[in-house]
S.K.: 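The structure that follows is given in the form of structure tokens.
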Number of protein chains: 2
Amino acid sequence: MTMSNTGGRRRPPTIHDVAREAGVSRGTVSRVLNGGHYVSPTAQEAVNAAIRKTGYVVNRHARSLITGRSDSIGFLLTEPQEKLFEDPNFNVLLRCCTQALASHDIPLLLMLAGTEDERRRITRYITAGHVDGVLVVSGHSGDLVADELREAGVPVVQCGKPMGRGSKVSYVAADDRDGARDMVRHLLSLGRRRIGVVTGPLDSPGGVDRLAGYKEVLIEAGVGIDERLIVSGDYSRASGEAGAERLLARAPDMDAVFVASDLMAQGALTALRRAGRRVPEDVSVGGFDDSTAATESTPALTTIRQPYDRISNEMVRVLLAQIGGEDPAAVILPTELVKRESA
Amino acid sequence: MTMSNTGGRRRPPTIHDVAREAGVSRGTVSRVLNGGHYVSPTAQEAVNAAIRKTGYVVNRHARSLITGRSDSIGFLLTEPQEKLFEDPNFNVLLRCCTQALASHDIPLLLMLAGTEDERRRITRYITAGHVDGVLVVSGHSGDLVADELREAGVPVVQCGKPMGRGSKVSYVAADDRDGARDMVRHLLSLGRRRIGVVTGPLDSPGGVDRLAGYKEVLIEAGVGIDERLIVSGDYSRASGEAGAERLLARAPDMDAVFVASDLMAQGALTALRRAGRRVPEDVSVGGFDDSTAATESTPALTTIRQPYDRISNEMVRVLLAQIGGEDPAAVILPTELVKRESA
DNA sequence: TTCTCTACTGTGAACGCTCACAGAAGCACC
DNA sequence: GGTGCTTCTGTGAGCGTTCACAGTAGAGAA
């Protein structure tokens with residue numbers, strides 16, 4: 001099935017057309033376009049009027065050709081395909097970053113590096129200078145792609161602490177350890193003492209820090225650590241379910257569990273229900289992230305909110321600063337305990 | 001906290017460097033780069049060797065400046081912010097389209113038009129020629145943005161049938177009506193006769209077609225239409241829950257329900273459970289989409305699979321063809337009944 | 001007057017590529 | 001030897017910007 005073709009684009013107006021219309025030179029129009037310094041109010045106004053009249057929009061290719069900047073940035077997701085979009089956090093991050101960039105009038109290029117092949121192609125694309133900088137998000141941040149890009153001179157900001165010790169990659173992260181502490185303190189305040197934990201992947205700083213926070217508080221409180229109450233997962237729903245099952249098997253007297261992601265907590269709820277435990281009556285469950293999964297589960301999850309909107313904004317801010325020549329920076333943002341039904 | 005800055009990009013090699021290295025002219029290098037017609041095997045080889053040696057990557061800006069193409073395409077999502085990423089279908093579509101484009105070495109620009117302001121800005125950006133074409137996805141496809149873009153001469157492909165009657169926008173869609181027919185036939189084959197429906201938004205062709213399929217089969221089968229068994233939703237989980245509640249109130253003898261999206265079906269399951277109905281023993285539930293929601297619910301949803309991978313591939317194919325000068329086209333892809341636990 | 005300074009404006013060159021064109025080389029045919 | 005054809009190659013122009021530089025006008029000071 002086909003339809004007749006309409007339209008066909010007209011040649012768009014150039015800076016030349018605007019200059020002629022405004023009765024000034026190209027240079028003046030260019031100056032107005034780029035901040036308007038050293039332009040008389042009269043010229044300024046004439047140019048703006050001409051721009052409105054002609055419907056002029058700058059040709060970014062011509063500009064980029066000479067400035068060397070592309071005025072676009074990449075959003076790089078390194079994650080095997082399946083997990084990629086299961087986690088609602090990626091989506092929120094992507095959405096927030098797109099918006100944050102849009103407010104600077106910078107387009108976002110989405111780059112998915114699931115396979116080694118894709119990864120090579122994308123790295124090549126990036127290092128060729130087709131983007132001015134890259135926002136990197138990877139699930140298990142053991143990934144070194146951010147370091148590699150930085151090594152190649154590309155401005156980079158990663159979401160979450162980088163794994164490489166001594167890595168000089170900029171990053172923005174929530175305060176994982178502090179969040180974990182808050183949650184475990186909350187569970188203690190409910191009178192719980194046999195508190196289990198399903199950790200995140202322990203080859204990632206986020207996973208390690210959340211576990212550290214858990215241990216810290218229990219030791220401080222004089223409850224002590226019981227290794228039977230510690231199992232690890234990989235942030236996926238399935239691993240949360242399996243983790244809770246193992247915990248129940250190893251420590252049937254568990255009266256609370258801190259699960260290091262909401263998605264895993266969803267899985268844990270399933271396992272607990274199947275085992276006949278009521279939440280929160282028999283077992284309190286605390287999640288982490290405050291993703292959409294937290295409100296969708298029954299009971300709704302008490303969790304630690306990661307401020308994804310702020311994280312995104314900071315990532316963009318830090319990246320743009322770096323593109324502007326500033327040094328890499330690390331930003332850690334506070335989390336917040338959100339009480340719902342599960343604990 | 002700051003860290004010392006490393007690196008700083010070197011000026012990348014140009015076509016000139018490659019030409020010198022290979023002992024040929026710019027023109028010859030350019031020809032090799034663009035398909036290699038009218039180039040001797042000797043020169044071909046020399047150029048390729050030089051490209052490898054210098055690490056040359058084409059400067060897309062310089063190319064675009066002269067060709068007028070940007071060699072990038074936009075992925076436009078017109079949807080209010082909240083709903084945007086609740087629906088897993090958007091994610092799958094985005095992922096598949098990104099990959100389909102990546103295989104053509106075309107970057108995807110993500111554009112979110114939640115507010116009227118964003119929409120204006122993005123339209124301006126697109127019509128300025130910063131992308132060669134646009135893939136449009138909108139939840140309730142009453143949206144006319146695709147038509148507007150097409151009117152402005154921009155190649156466009158929409159996901160799902162466009163609303164505007166007489167619209168000449170290219171689109172790729174699953175066969176909604178046929179999918180609905182399959183599902184209702186399946187419910188009939190289970191011996192169900194009091195089959196309710198929670199429709200999609202009836203200001204969108206998808207919603208209308210699925211309802212039409214439902215009615216068609218019931219009439220064909222001689223069961224007839226009972227208006228009390230028809231309520232409408234908006235594809236959201238909440239509306240599915242509310243819809244199922246209304247159906248139960250109006251037709252307590254309902255023994256099956258066709259819910260026009262998996263997300264709504266999830267909501268319906270919640271409502272049915274609360275009402276004390278067992279699924280599938282008391283009430284069979286059929287969804288639509290085969291999104292991740294279908295396998296995550298308990299019981300897992302019997303549903304109609306929309307072939308999102310094929311839809312994405314077709315969208316990209318049709319769009320590229322259109323950019324290449326071909327006429328707009330409409331593609332309708334078959335759906336498939338996926339039996340799980342709920343019906 | 002003349003000089004200096006500031007505020008502004010115009011101009012040519014350049015960014016790295018593609019495209020159209022001209023031309024060379026080889027071959028076949030008259 | 002001329003003509004035509006095909007296959008290949010090099011060259012100059014130009015895409016729409018920005019940037020550096022030169023230059024003008026007006027104000028204020030000497």
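Note: hydrogens, waters and symmetry copies are ignored here, and every other heavy atom, side chains too, is used. Letters A, B, ... are given to chains in the order of the sequence lines, protein chains preceding strands, and every chain is numbered from 1.
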S.K.: With a non-hydrogen cut-off below 4.0 angstrom, is Arg26(B) in contact with a base, only sugar-phosphate, or nothing?
M.R.: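 If one applies the 4.0 Å heavy-atom cut-off, Arg26(B) turns out to touch a base.
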S.K.: For dG10(D), does OP1 or OP2 lie under 4.0 Å from any side-chain N or O of Thr28(B)?
M.R.: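 So the side-chain polar atoms of Thr28(B) do come within 4.0 Å of the phosphate oxygens OP1 or OP2 of dG10(D), strictly under.
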S.K.: Hey, are Asp117(A) and Arg120(A) close enough for a salt bridge, meaning a charged N less than 4.0 Å from a carboxylate O?
M.R.: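 Result for this pair is yes, salt bridge flagged.
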S.K.: Please assess Ser170(B) against Gln322(B) for the test side-chain hydrogen bond (donor to acceptor under 3.5 Å, both in side chains), listing each intermediate value before the final yes or no.
M.R.: CA-CA 9 Å; Ser170(B) 287; Gln322(B) 217 171 317; 2.9 Å; yes
S.K.: If you measure from the Lys or Arg side-chain nitrogens to the Asp or Glu carboxylate oxygens, is any gap between Arg20(A) and Asp17(A) under 4.0 Å?
M.R.: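 Looking at Asp17(A) together with Arg20(A), the answer is yes, because their closest N to O distance falls below 4.0 Å.
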S.K.: So which one's nearest nucleotide on DNA chain D is more toward 5', Asn34(A) or Ala43(B)?
M.R.: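 Checking each residue's closest nucleotide, the 5'-ward one belongs to Ala43(B).
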S.K.: What integer distance in Å separates Arg63(B):CZ from dG16(C):C1'?
M.R.: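 Taking atom C1' of dG16(C) as the reference, CZ of Arg63(B) is at 11 Å.
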S.K.: Quickly work out the Gln44(B) CD to dC8(D) P distance and round it to whole Å.
M.R.: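 To the nearest whole Å, that distance equals 10 Å.
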S.K.: Taking only the side-chain heavy atoms of Leu65(A) (C-beta and beyond), determine which of dT18(D), dG16(C), dC17(C) contains the nearest atom.
M.R.: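 The closest nucleotide is dG16(C).
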S.K.: Using a strict 4.0 Å threshold on nitrogen-to-oxygen distance, state whether Glu314(A) and Arg317(A) make a salt bridge.
M.R.: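 Looking at Glu314(A) and Arg317(A), the cut-off is met.
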S.K.: What is the distance, rounded to the nearest whole Å, between atom CZ of Arg69(A) and atom P of dG16(D)?
M.R.: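 From Arg69(A) CZ to dG16(D) P: 20 Å.
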S.K.: With respect to the phosphate group of dG10(D), does any side-chain polar atom (N or O) of Ser25(B) fall under 4.0 Å of OP1 or OP2?
M.R.: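 For dG10(D), OP1 or OP2 has a side-chain N or O of Ser25(B) closer than 4.0 Å.
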S.K.: Could you give the NE2-to-C1' distance, from His16(A) to dT18(D), as a whole number of Å?
M.R.: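 Rounded to the whole Å, the gap is 14 Å.
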S.K.: Roughly, in whole Å, what's the span from NE2 in His61(A) to P in dT18(C)?
M.R.: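 Distance check: His61(A) NE2 to dT18(C) P gives 14 Å.
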S.K.: Within this structure, what is the CZ-to-P distance between Arg60(A) and dG16(D), rounded to whole angstrom?
M.R.: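 After rounding, the gap between these two atoms is 17 Å.
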S.K.: What integer distance in Å separates Ile15(A):CD1 from dT11(C):P?
M.R.: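 Distance, rounded to whole Å: 14 Å.
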S.K.: Looking only at side-chain N and O atoms, does Tyr38(A) come under 4.0 Å of OP1 or OP2 in dT24(D)?
M.R.: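 It does not, given that no N or O in the side chain of Tyr38(A) lies less than 4.0 Å from OP1 or OP2 of dT24(D).
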S.K.: Would you mind telling me which of Asp71(B), Leu320(B), Val316(B), Ile323(B) makes a side-chain contact (heavy atoms from CB on, under 4.5 Å) with Ile106(B)?
M.R.: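 When side-chain contact (heavy atoms from CB on, under 4.5 Å) is applied between Ile106(B) and each of Asp71(B), Leu320(B), Val316(B), Ile323(B), only Leu320(B) qualifies.
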S.K.: Verify the contact: side-chain N or O of Thr67(A) to OP1 or OP2 of dT18(D), cut-off strictly under 4.0 Å; return yes or no.
M.R.: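 Indeed not, no polar side-chain atom of Thr67(A) lies that close.
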S.K.: Got a donor-acceptor pair under 3.5 Å from the side chain of Arg31(A) to the base of dG10(C)?
M.R.: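 Answer yes: a donor N or O sits under 3.5 Å from an acceptor.
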S.K.: Is there a side-chain contact between Asn59(B) and the phosphate of dC15(C), meaning an N or O under 4.0 Å from OP1 or OP2?
M.R.: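 No, no such contact exists.
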S.K.: Separation of Asp17(B) atom CG from dC15(C) atom C1', in whole Å?
M.R.: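 Roughly 13 Å, once rounded to whole Å.
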S.K.: Taking only side-chain N and O atoms of Ser40(B), does any of them lie within less than 4.0 angstrom of OP1 or OP2 on dT7(D)?
M.R.: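 No, because none of the side-chain N or O atoms of Ser40(B) sits under 4.0 Å from OP1 or OP2 of dT7(D).
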